[in-house]
S.K.: 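Submitted below is the structure of interest, expressed as structure tokens.
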Amino acid sequence: VTRRFADVVWRYRRILTSLIVLGAILLAPRANITRIDNDLTAWFSVEDPIYKDYERFRDEFGGTRTLIVAVEAPSKAALLSRDGLQLIDDLTAAIEKVQTVQRVSSLATATVIDALPATADDDGGLDVRRLFDDLADGAATPEAVGARAIGDPLLSGDLISADGTVAAIVVFFDEAKIDDVRAAVLEEIEGLLARAMPPGFTAHVNGSVEITEAYNRVTLNNQRIFTPPILLVTLLAIVFMFRSWRKTALTLVAVLISVLWTLGLYSLMGFDYNVLSSMLVPLIVVLAIADDVHILQHFDHARREGTKESAFKHTVSHLVAPLLGASGTTALGMLSLTTTNIEAVRHFGLGAAVGVMVDFMISIIIVPTWLAWLDEVSPAPPQTTWFEGPMRRIGRFSASRPARVLAVATVVTIAAGWGLTRLHVDTNHINFFAKDHPLSTSAEVIDTRLAGIYNFQVLLEGPPESIKEPDTMRRMAALSGELERLPFVKKVTSVVDYVTRVNRELNGVDTLPDDRRVIAQELFVFGLADQGRAELERVVASDYSTAQISVKLASMSSDLVFEQIQVAEQRAREIFAGSPVTPTVTGSGRLFSTLDHYLVTSQISSFATAFLTVFGVIFVIFRSWRFGLLAIIPNLFPVLAVFGVMGWWGISLNVATIMLASVALGVVDDDTIHFISRYRRDTAAGMSAEAAIEEATAHEGRASLTTALINSAAFSVLALSEYRPTAWFGGLLGLTMLVAFLAEIFILPATIMLLPRLFGADAVHAARRRRGAARA
Amino acid sequence: MPRLLTIFLLSFFLKAEPGTPPFQVRQAMPAGNPAAQGEWLARHVDDRATGRDARLVFTMRLYDRQDRVRERALTVISRRRDAGDQSLTRFTAPPDIAGTGFLVWEHPGAADDERFLFLPSLGRVRRIAGSEAQESFVGSDFTYEDIGGREFEDYAYKLIGDAPGGAAWQLESTARDPKARFPRVVSTVRKDNFVVVHAEIFNRRGEVQKIYDAPRVEQTGKYWTVMAMTMTDLGQKTRTELVVEKAEYDLGLGDALFTRRELEKVIR
């Protein structure tokens, strides 16, 4: 079959190559990843119940994805001066004018309620007004206004720090529009801040909108900054390995064509680019180089011994099965990602699976075609001799001292296993940036001196008017109290705070009224003023069927946020048991922590699925359960070793590093398939196990070394990134490839030699005889 | 600056000065200069006759962003005086706020009007601080300014031209206060009676934030009355409908109806 395939490809090679190149040219405009889309719908299925909860919440109260500007003054006196407060007022007014800004919350928009003194004619009164009105009409000094804000439990810690040196401006956006213009909007706001800041004042910007944008910026920057050096290193490595500029150019063009096809098809499938899909390029580059190196090496070897046609057919017929097997297993591994409930992961899995198979087709057709067209009969490149000798010696060493090799591997495995126990699942988006990155420094200010940058909400839903019921109000107050006691929670607010505040000013008591009509009329009074109306709209629906309790937290690991949310949901259910009001925990904190949780857990389960699928395919390719099992060892070892290293080095399993397992498996199993394929072919041809191991190590091991060196050198460049996930991904991918190479040339041969009954030459011959007899 | 909160004006656009006679076109629109033409038109809207006093019964429907509706019923009595207009607003439905009332005494030349609130659940009269002209009118999408009229001198005017169809003019009003929440309004003014029947109200970003429509304008006796009006807030995705169920003018409403005692007495 493989020989017939090689004949067909040889006959139609020109037309096939032309079609591939033409396809790449046509798909090139679609392969534009200069725009990254991290809209929520890129991650969540619109059918996901968590997303539906958030949509319901958002429809009622607007979005919770905010931009937090913390204005830090050199002193309390500076902030609480006329100029300092004017700065907050001016910035608030200026930011309100920026497109897609729906609402700005700051000291300048804050409301206060005052009881007016009783007179002979009335029983006193109520004044709901802006905090800054006193400043405008000269009724209070800036210091008095500031002191009032610090003393107000609804404002202190939220819009002004307790020490009076930091004021917050919280910006809410139209979430249906912000993602389309986010970069421009943030640039405009940052420009406003830069122009307005007086000497000594600093504006710190954070919040989920800024974090998302920082992600996008860093992803695009990384691509811009690191793509040229990666390509350069790859280029130099290939030149060095093959000593031919023309073959180097050929390889790079073939890789480029694979990338264009992959990205073009990804776009044609209707998927958007996001942080995750930006991993498609490194994945395809790694796999394409691995495939192409095998083809180049095989073709060179065959060409030295025959014509270009025979070299072509020999290369294609010998490599099509292992390359198909290797690509097929990788594609299946990637396809297993489509079982998750995260849109972006599903798209990545499907895009990568298609890309891997397209790369296989492209590599097996155009690389031999172009090599035949170049017809460059080059002497064996120097590294053949540099590498071949040592590789043969390694092959002989592994074959002759299998117990020693496996003992060392066992020690490494134990150490890695120990490291694995230290590995923790943790996605802290702030910790992904260096400590001096603006996102980290601003998080420090907002987390320690204000109410924190994360938040979640408890959505309360019941029949119309149910929220006004004293029983509901009491339950809400009880739940707020419980939530305030949770560790990491910095601020809890709800409509209960407003009712309590109005009641205090009207009746002088700091409690919730027991009478439904009193609650209704106090809320009505509060909502008469514009500011009061706006604040009520943020916490309760106009028909009093729905309300929210807002919970603010410091930035932390998304798993900790997830835990807090689980506890909050449990307590909410208990407190509202028997009430017509149903609590649901939602908000951006829930979305992002759930997303990270989904991502990591689904990746772990996907990796397990991929692992089983890949080895299922290897069983089928080799038509041998024994060699299928053998393939598991050198594939599991690098993943285990690298995760062990991560445990020892304190690198968490997070949204970035978890991808490593799938990518590593995709790359590593290719080399194993090539090695075992060669070993079985050579033993079947009559070689002894030792000789076949030496040959496989010398030839396939050399290709693996070449691939490992090229990719490790190229992707280690990423380790220089200021964005830690990229640095981890690049560095650890390089490490994985080196460990995988070592596992292939040491552990695989040692296992074969240590279990001759299962994997020895006689076992291979016996299996072939059994299969032949079965067929007969 | 004192404002008129005389809800019976309902002219949407400008307040009438106390003692203004019933409307009549005093002179022809000046030719040429759009600013002078705009000012002429604005003055005529301002001077439109709306009676010495009035009693109006309203149904107010508030639609939220989910299109859920809350209905409130209210009665407003008001009168115009040289010493300052007075009005008393009383909510009659829904039951949990029925009886809640507002009494407003305007004081021309004084910094603030006097406002009194009566909450039946507390059974006491409370003073409340004044609201800004561009703030919400009793929690609706209308502002006090929309209801009570705008101060003529707070805006600069420009005639844009005829509205489509030719039966109305389009008038642009630009706030002189740079910090105004709604710095620009483009209104459609009927040529036959100077009633504003449509307006687009712009926010500080220059976007249309609110749209006013008066689909039903009727003549009650000698006065034109907007019998149904809608204010839609495009930003908040809410709207308020205000329907006049009954309009009576020149009733001779006396001082006693605009006192704190009356504010309480009505309910008791």
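Being a predicted model, the structure only gives us computed values, none of them experimental. Order of the sequence lines sets the chain letters (A, B, ...), proteins ahead of strands, with each chain counted from 1.
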S.K.: Below 4.5 Å from any heavy atom of chain B, which atoms of Glu96(A) appear? Answer side chain, backbone, both or neither.
M.R.: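 Glu96(A) touches chain B through backbone and side-chain heavy atoms alike.
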S.K.: Kindly indicate, with the supporting measurements, whether the criterion side-chain contact (heavy atoms from CB on, under 4.5 Å) is fulfilled by Glu537(A) and Asp64(B).
M.R.: CA-CA 10 Å; Glu537(A) 280 173 357; Asp64(B) 68 11; over 6 Å; no
S.K.: Starting at CG of Asp59(A), measure out to NZ of Lys237(B) and round the result to the nearest 0.5 Å.
M.R.: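 Output value for this atom pair is 9.5 Å.
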S.K.: Would you check if Asp96(B) and Lys468(A) make a side-chain contact, meaning some heavy-atom pair closer than 4.5 Å?
M.R.: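 With C-beta onward as the side chain, the pair touches.
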S.K.: Can you give me the closest heavy-atom contact between Gln102(A) and Gly235(B), atom names plus distance?
M.R.: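 Smallest interatomic distance, heavy atoms only, reads NE2-O, 4.3 Å.
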S.K.: Would you mind checking which part of Asp543(A) comes under 4.5 Å of any heavy atom in chain B, side chain (CB onward), backbone (N, CA, C, O), both or neither?
M.R.: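 When you check distances to chain B, atoms from both the backbone and side chain of Asp543(A) fall under 4.5 Å.
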S.K.: Taking the side chain as everything from C-beta on, heavy atoms only, tell me whether Pro464(A) gets closer than 4.5 Å to Arg68(B).
M.R.: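 No - every pair of side-chain heavy atoms lies 4.5 Å or more apart.
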S.K.: With a 4.5 Å cut-off on side-chain heavy atoms, are Arg517(A) and Pro120(B) touching?
M.R.: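 Pro120(B) vs Arg517(A): side chains touch.
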S.K.: Restricting to non-hydrogen atoms, name the atom on Ile97(B) and the atom on Ala520(A) that form the minimum distance, rounded to 0.1 Å.
M.R.: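 Taking Ile97(B) first and Ala520(A) second, the nearest heavy atoms are CG2-O, 4.4 Å.
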S.K.: If I measure from the heavy atoms of chain B, does Glu60(A) come under 4.5 Å with its side chain, its backbone, both, or neither?
M.R.: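 For Glu60(A), the contact with chain B is made by backbone and side chain together.
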S.K.: Which atoms of Arg204(B) come close to chain A, meaning under 4.5 Å heavy atom to heavy atom: side chain ones, backbone ones, both, or neither?
M.R.: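 Both backbone and side chain.
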S.K.: Tell me, side chain or backbone of Arg516(A) under 4.5 Å from chain B's heavy atoms, or both, or neither?
M.R.: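 For Arg516(A), the contact with chain B is made by the side chain alone.
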S.K.: Given the options Pro94(B), Ser121(B), Pro95(B), which has more heavy-atom pairs under 4.5 Å with chain A than any of the others?
M.R.: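 So the answer, after comparing Pro94(B), Ser121(B), Pro95(B), is Ser121(B).
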S.K.: Between Val101(A) and chain B, which part of the residue has a heavy atom less than 4.5 Å away: side chain, backbone, both or neither?
M.R.: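 When you check distances to chain B, atoms from both the backbone and side chain of Val101(A) fall under 4.5 Å.
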S.K.: Using 30° and 60° as the class limits, which term best fits the ring planes of Phe91(B) and Phe524(A): parallel, tilted or perpendicular?
M.R.: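 Answer is perpendicular, since the angle exceeds 60°.
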S.K.: For atom CD of Glu187(A), decide whether the heavy atoms of other residues, nucleotides or ligands shown that lie under 6.0 angstrom number more than 12.
M.R.: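 Open: at most 12 neighbouring heavy atoms sit under 6.0 Å from CD of Glu187(A).
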S.K.: Would you please name every residue forming a salt bridge (charged side-chain N to carboxylate O under 4.0 Å, His left out) with Glu55(A), sequence neighbours left out?
M.R.: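 With sequence neighbours excluded, Glu55(A) shows a salt bridge (charged side-chain N to carboxylate O under 4.0 Å, His left out) to Arg58(A), given in chain and number order.
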